[in-house]
Novice: 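Below is a structure I'd like to ask you about.
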Amino acid sequence: MKKKPSLLIIGNSNVGKSSITRLLLPNPIKFKGKAGKKPGSTSLIKPISQPNLPYQIVDLPGFGYMKHSSRRREEHIKRQIIIHIENHNKDYFFGLVVLNALRIEDEINKYFIQNKDTIPLSFELINFLKEFGIPLLIIINKIDKVSHIDKRRIINLFLESAKEYDLSFIHLDNFKDVKEAELPFLEFSALKKTNLEKLRKIINTYQKNIKKV
Ligand SMILES: Nc1nc2c(ncn2[C@@H]2O[C@H](COP(=O)(O)OP(=O)(O)O)[C@@H](O)[C@H]2O)c(=O)[nH]1
Ligand SMILES: [Mg+2]
C-alpha cells in the first residue's frame with residue numbers, strides 16, 4: 001500500500017496542535033492525543049492516520065522551551081526534529097506552524113526587542129522549515145483569548161519583527177500563489193473553530209496539488 005502524504009503540525013507544547021488535529025480528523029473520538037507521552041522518546045514521531053483521511057498527520061514539538069524540561073533535553077528534542085525534517089521533508093505536502101497568540105509578545109520582547117543577539121525560536125523554526133521548501137501556513141491559535149485590539153497589536157508586532165529575520169507574512173485571505181515570497185498566516189481558534197473552513201480548504205488545495213505531480 002502506498003504511503004499517504006503527510007501534513008506537518010509543529011509548535012511548542014500547549015499551543016493547540018492536538019486540538020487542531022482533532023478538528024481535522026474524520027473520527028476524532030478515536031484520537032486520544034499524545035498527552036503524557038514524553039517528548040524525546042521513540043514515540044515522539046508517530047503519524048496519525050485514519051481510513052477516511054487522504055493524508056496522515058505528524059505532530060512535532062517546536063524549538064521552544066517547555067516548563068518542565070531541562071535545557072539539555074530541549075536541545076536533544078530540537079536535534080531530533082532537525083534530523084527528522086532533514087530526512088523526511090519530501091513526505092510533507094504542507095506544514096502548519098502553530099503559535100499561541102498569548103505567547104507571541106513575550107517571546108518577541110524577550111528574544112528580539114530586549115536582546116538583539118538572540119532569535120525568537122518561532123522565527124528560527126519557520127526559517128528552518130522554509131529552507132526545505134515545505135509550503136507553510138502560520139496558525140496564530142487561541143485567538144478567542146485576546147481582544148480585538150490586542151489581536152491587532154500582537155499580529156502587527158509579529159509581522160514587523162519577522163522582517164528582521166527576512167520573513168514576510170501575508171494574511172491567508174490575500175494569499176494567491178505558492179510562488180509568492182510571503183508565507184500565509186491565519187488567526188485561528190481551535191476552541192471556537194474560527195477559520196476552520198479556511199484551514200480545511202487550504203490543506204485540501206495543497207493535498208490535491210501533490211497528486212498531480
Ligand atoms: N481558549 C483556547 N484554548 C485552546 C485552543 N486550542 C487549544 N486550547 C487548549 O489549550 C490546551 C493545549 O491544547 P493541545 O491541543 O493539547 O496543545 P498541544 O500541546 O499543542 O497539542 C488545551 O487545554 C486545549 O483545550 C484555542 O483555540 N482556544
Ligand atoms: Mg499535543
Side-chain angles (χ1 to χ4, degrees), residues 6-50 53 55-70 73-74 76-78 80-81 84-85 92 94-107 120-126 128-129 134 136-155 158 171-173 184-203:
S6 300
L7 173 71
L8 175 66
I9 303 187
I10 190 164
N12 294 345
S13 86
N14 222 38
V15 295
K17 296 180 300 297
S18 297
S19 307
I20 293 170
T21 301
R22 220 169 270 119
L23 292 175
L24 297 173
L25 293 176
N27 190 352
I29 321 260
K30 284 238 166 91
F31 172 63
K32 302 279 189 297
K34 293 201 297 185
K37 271 186 201 165
K38 282 208 178 69
S41 67
T42 46
S43 59
L44 175 67
I45 297 156
K46 194 170 176 295
I48 299 144
S49 192
Q50 287 192 349
L53 190 68
Y55 51 86
Q56 57 179 17
I57 299 177
V58 177
D59 157 345
L60 292 182
F63 284 179
Y65 302 128
M66 292 166 232
K67 263 187 217 142
H68 302 291
S69 64
S70 69
R73 172 144 218 104
E74 294 285 351
H76 171 72
I77 294 166
K78 186 171 169 177
Q80 276 196 310
I81 296 162
H84 175 78
I85 297 295
Y92 293 105
F94 198 40
L96 311 177
V97 178
V98 186
L99 306 177
N100 177 352
L102 297 165
R103 298 282 314 129
I104 290 174
E105 277 183 314
D106 266 4
E107 188 188 351
L121 290 169
S122 301
F123 293 143
E124 190 185 0
L125 176 67
I126 294 165
F128 170 74
L129 295 170
I134 303 170
L136 298 174
L137 173 69
I138 314 305
I139 294 188
I140 301 177
N141 192 36
K142 305 202 185 186
I143 212 71
D144 59 282
K145 285 199 164 184
V146 298
S147 67
H148 187 70
I149 188 157
D150 287 347
K151 179 177 102 174
R152 276 184 46 184
R153 194 188 61 243
I154 292 165
I155 292 178
F158 180 71
H171 196 281
L172 182 62
D173 288 351
F185 74 90
L186 187 66
E187 67 270 25
F188 196 83
S189 167
L191 183 76
K192 298 270 161 77
K193 302 187 183 176
T194 310
N195 285 331
L196 177 59
E197 279 319 304
K198 285 181 190 173
L199 176 62
R200 286 214 173 101
K201 207 172 145 202
I202 187 163
I203 294 171

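What you see below is based on every heavy atom in this structure, not just the backbone, and it leaves out hydrogens, waters and symmetry mates. One-based numbering, in listed order, for ligands and for the atoms of each.
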Novice: Once you measure the plane-to-plane angle for F63 and F128, does it fall in the parallel (<30°), tilted (30-60°) or perpendicular (>60°) bin?
Specialist: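 Ring orientation, 0 to 90° scale: tilted.
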Novice: Can you tell me which residues line ligand 1 if we count any heavy atom under 4.0 angstrom from one of its atoms, in chain and number order?
Specialist: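 Ligand 1 is contacted, at a heavy-atom distance under 4.0 Å, by N12, S13, N14, V15, G16, K17, S18, S19, N141, K142, D144, K145, S189, A190, L191.
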Novice: Report the residues that fulfil side chain to side chain contact (heavy atoms under 4.5 Å, CB included) with K192, sequence neighbours left out, ordered by chain and then residue number.
Specialist: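 Listed in chain order: D144, S189, T194.
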Novice: Assess whether side-chain contact (heavy atoms from CB on, under 4.5 Å) is satisfied between K78 and L121, documenting all intermediate values.
Specialist: CA-CA 11 Å; K78 186 171 169 177; L121 290 169; 4.2 Å; yes
Novice: Quick check on the 6.0 Å ring-centre criterion: do Y55 and F94 meet it?
Specialist: no
Novice: Among V146, D150, V15, find the one that has a side chain to side chain contact (heavy atoms under 4.5 Å, CB included) with L102.
Specialist: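 Exactly one candidate clears the test, V146.
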Novice: Any side-chain heavy atom of V98 within less than 4.5 Å of one from F188?
Specialist: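 In short, these two side chains do not touch, never coming nearer than 4.5 Å.
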Novice: Taking N, O or S atoms only and a limit of 2.8 Å, check whether S13 reaches the Mg ion (ligand 2).
Specialist: no
